[in-house]
Amino acid sequence: MSNSRVSHPLFARLFARASVALDRAGAAEHRRRLVAGLRGRVVEVGAGNGRMFAHYPSEVDAVLAVEPEPWLRAAARSAAEHAPVPVTVTDGLAEALPVADASVDAVVMSLVLCSVPDQSVALREAYRVLRPGGWLRFYEHVAAGTPGLRRTQRVVDATCWPLLCGGCHTGRDTVSAIVAAGFSVVRLDRFRFPPGRLPRRRHRTCSAPRSGPEASSGARRGRPGRATPDGELNRR
């Protein structure tokens, strides 16, 4: 029985169609890079319709895919049947993951941190479930690099965009939120997507490890980092 009480049936169907087109335009490669090198137990937060499942490497023992939207969750369960690794799809929220403390090797978030009500709460929960040395991997669209586009993002985020797109906000400073949550960002890629089209949203992928954690890359649970001009974030 569902307990997350999240329902965006129209957006869910549009997202499912759009995700196929975006994968053909290059998003599939970003997904592959995002999860490359992962192993052990993984929690994917906001799994959507399961487009990430096909890219998990064989070293991953199991994926728990958390998706609160009922229509997307059903689509994810269908996708899980064809995944190269064991995937269990469950109801749940980013703010209350059904996972024990320090019990997983990686948390994956793809186009999730733009739509959660409070990034800090969701990131604290990711930090909680990661074992020391575990990884947070994320792929998000974020604040634009130019003042004009940032102004546009502020307008649409304050008006129609979240209503039409399942709570999505286009202009969040996601990297700062990750660092504030206690992660140490060790790789950060910035890019516009889809390529060759206007307007284009700026994306980031990142790996962040947890000590003791694109856009494609990651962060480790540990000390905060600082940005360098090439987009990498180094540990202090």
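Here the structure is a predicted model, which means the values were calculated and not measured.
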Would you list the pairs meeting salt bridge (charged side-chain N to carboxylate O under 4.0 Å, His left out) in which at least one residue belongs to residues 96-115, sequence neighbours left out? D101-R128, D105-R131
Just do the side chain to side chain contact (heavy atoms under 4.5 Å, CB included) check on V35 and R31 with the steps written out, would you? CA-CA 7 Å; V35 299; R31 295 182 197 276; over 6 Å; no
Side chain to side chain contact (heavy atoms under 4.5 Å, CB included) partners for S115, two or more places apart: none
Under the criterion side chain to side chain contact (heavy atoms under 4.5 Å, CB included), I'd like the reasoning laid out for E95 against V116: C-alpha separation, chi angles, the key distance, then a yes or no. CA-CA 8 Å; E95 298 86 352; V116 294; 3.9 Å; yes
Decide yes or no for Y139 and D189: does some side-chain heavy atom of the first lie under 4.5 Å from some side-chain heavy atom of the second? no
Whether the side chain of Q153 engages the backbone of T170 through a donor-acceptor N/O pair (distance < 3.5 Å, no angle test) should be reported. yes
Got a sec, which residues hit salt bridge (Lys or Arg N to Asp or Glu O under 4.0 Å) with R150, two or more places apart in sequence or on another chain? none
What is the minimum heavy-atom distance between V87 and A65, and which atoms define it? CG1-CB, 4.1 Å
Gap between atom NE2 of H169 and atom CD of Q119 - 0.5 Å precision: 9.5 Å
Can you tell me how far CG of L34 sits from CZ of R137, rounded to the nearest 0.5 angstrom? 6.5 Å
Minimal heavy-atom distance between L93 and V66, with the atoms involved, is N-CG1, 4.0 Å
Can you sort out the partners of S78 under side chain to side chain contact (heavy atoms under 4.5 Å, CB included), two or more places apart, ordered by chain and number? none
Side-chain contact, heavy-atom cut-off 4.5 Å: P86 with V63? no
Could you tabulate the donor-acceptor pairs under 3.5 Å formed by side-chain atoms of residues 36-49, not counting sequence neighbours?
| from | atom 1 | to | atom 2 | distance (Å) |
| --- | --- | --- | --- | --- |
| R41 | NH1 | S103 | O | 2.9 |
| E44 | OE1 | Y56 | OH | 2.7 |
| N49 | ND2 | S19 | OG | 3.0 |

Interatomic spacing from CZ in R154 to CG in L149 - rounded to 0.5 Å: 11.0 Å
Would you check if the side chain of E140 reaches a backbone N or O of L113 as a donor-acceptor pair within less than 3.5 Å? yes
Within the structure provided, determine whether R124 and V121 are in side-chain contact (heavy-atom separation under 4.5 Å). yes
Output for pair (R13 CZ, L72 CG), nearest 0.5 Å, gives 9.0 Å
Residues at least two apart in sequence or cross-chain that pass side chain to side chain donor-acceptor pair (under 3.5 Å) with R32, listed by chain then number, are E29
How long is the straight-line distance from OG1 of T174 back to CE of M109, given to the nearest 0.5 Å? 10.5 Å
Nearest 0.5 Å, what's the CD-CZ distance between E81 and F53? 11.0 Å
Between Y127 and F183, what is the ring plane arrangement, given parallel below 30°, perpendicular above 60°, and tilted in between? perpendicular
